Amino acid sequence: MAIVEEKFLRVEKSPTEVVKVRYSVIHGDDEGSRIFVIAGVHGHELTGIEVIRRLKPYLEKMNLHGRITLLPVANPVAFSTRQRGTIYDNKDLNRCFPGDKSGSFTDKLAYEIFNEIVVDNDYGIDLHTGPEGRVLLPHTRIRKCKGINQVKALSRVFGTLIAMSPQGVGSMLTSCASNRGIPTIGVELGEAYRIDEYFVNAGFFGVVNTLRYLGVLDGVANVLDRQFILNERHNVKAGHNGLFFPKAKLGQVVKKGDFLGELYNIESDTTERIYAERRGIVLARFSQSVVLPDMTIMSILTVDDCLLNNAVLKKGRYIINHYKNPESLWSSFEY
Ligand SMILES: [Zn+2]
């Protein structure tokens, strides 16, 4: 049986006040890979927090080979104020790595997370969501770094159909950890402030699948036969304010002229039908009903510049699935 150690980082807020950051270290029965799973780097992004809450009791019962560190709420100050960043110094934790122990609060927090947790691991997964009102198709983020092939392998194994490879900033956790030789992927699941079963299931599956691939859990990973790397985004904007009724679904493949949704103009009492201008896959949808002029109501990843994730996976650690819809991966998965 796994042994669970409950631990706290202690980060100085002022000479008399300390913020505690809880995390759990789950030790397997024997040696193996060491991996951290982190969420709540942005305090208002909840999907990953819930994924970790469900992972802990699941992993506690399993035969593990190696070690898993779960950090559910990396920035508890941002969480408790329902914000992306820290109110004390107005900093975004995901722009502060590897941190600075003599800097402001968020720099110290990054320093503690990086030096107490991250560097003592072999791999990492950083769970995020879209911002408020912008729900994102589950996808991974591969940032340019040392050992990028290992990051690409983790990305494939996580099980999303799409990966993006945006320009990273060196002070992001994924870039910083990967450049230190700890391959780490970013994952986007849903939107801020909400917990939705669909995205929690995608995240839970992805982490368990990764643990199987790395041999930390028994069993083999289930991967899709291909993962597409898409980066060119076409944003569909609202021409006026009004009520938005999206029709195209997240992940839906659309071609030029396909119906995306309707925008009702309150002033003229007319409804405008919105059509796709490019061929692509729906990456993001505005999830609220009132839109303002020039607001992005849908984002389409265009498929003209499509790359395949060509990372070679380790033999015997995975089986290929030919599902058209990645949801089939986690809905048919036996835990
Ligand atoms: Zn985030």
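Counting convention: from 1, in listed order, for ligands and their atoms alike. The model shown is predicted, which means the values in this text are computed figures rather than measured ones.
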Donor-acceptor side-chain pairing of His27 and Glu5 below 3.5 angstrom = yes
Do we see a donor-acceptor contact under 3.5 Å between the side chains of Ser165 and Asn231?
-> yes
Could you count the protein N, O or S atoms found under 2.8 Å away from the Zn ion (ligand 1)?
-> 4
Assign the ring pair Phe286 / Phe244 to parallel, tilted or perpendicular, where the plane angle (0 to 90°) is split at 30° and 60°.
-> tilted
At their closest point, which heavy atom of Asn310 faces which heavy atom of Lys152, and how far apart are they?
-> OD1-NZ, 3.3 Å
Test the Lys20-Phe8 pair against the cation-pi criterion, namely NZ or CZ under 6.0 angstrom from the six-membered ring centroid and within 45° of the ring axis.
-> yes
Without hydrogens or angle criteria, can the side chains of Thr86 and Thr106 be said to hold a donor-acceptor pair below 3.5 Å?
-> yes
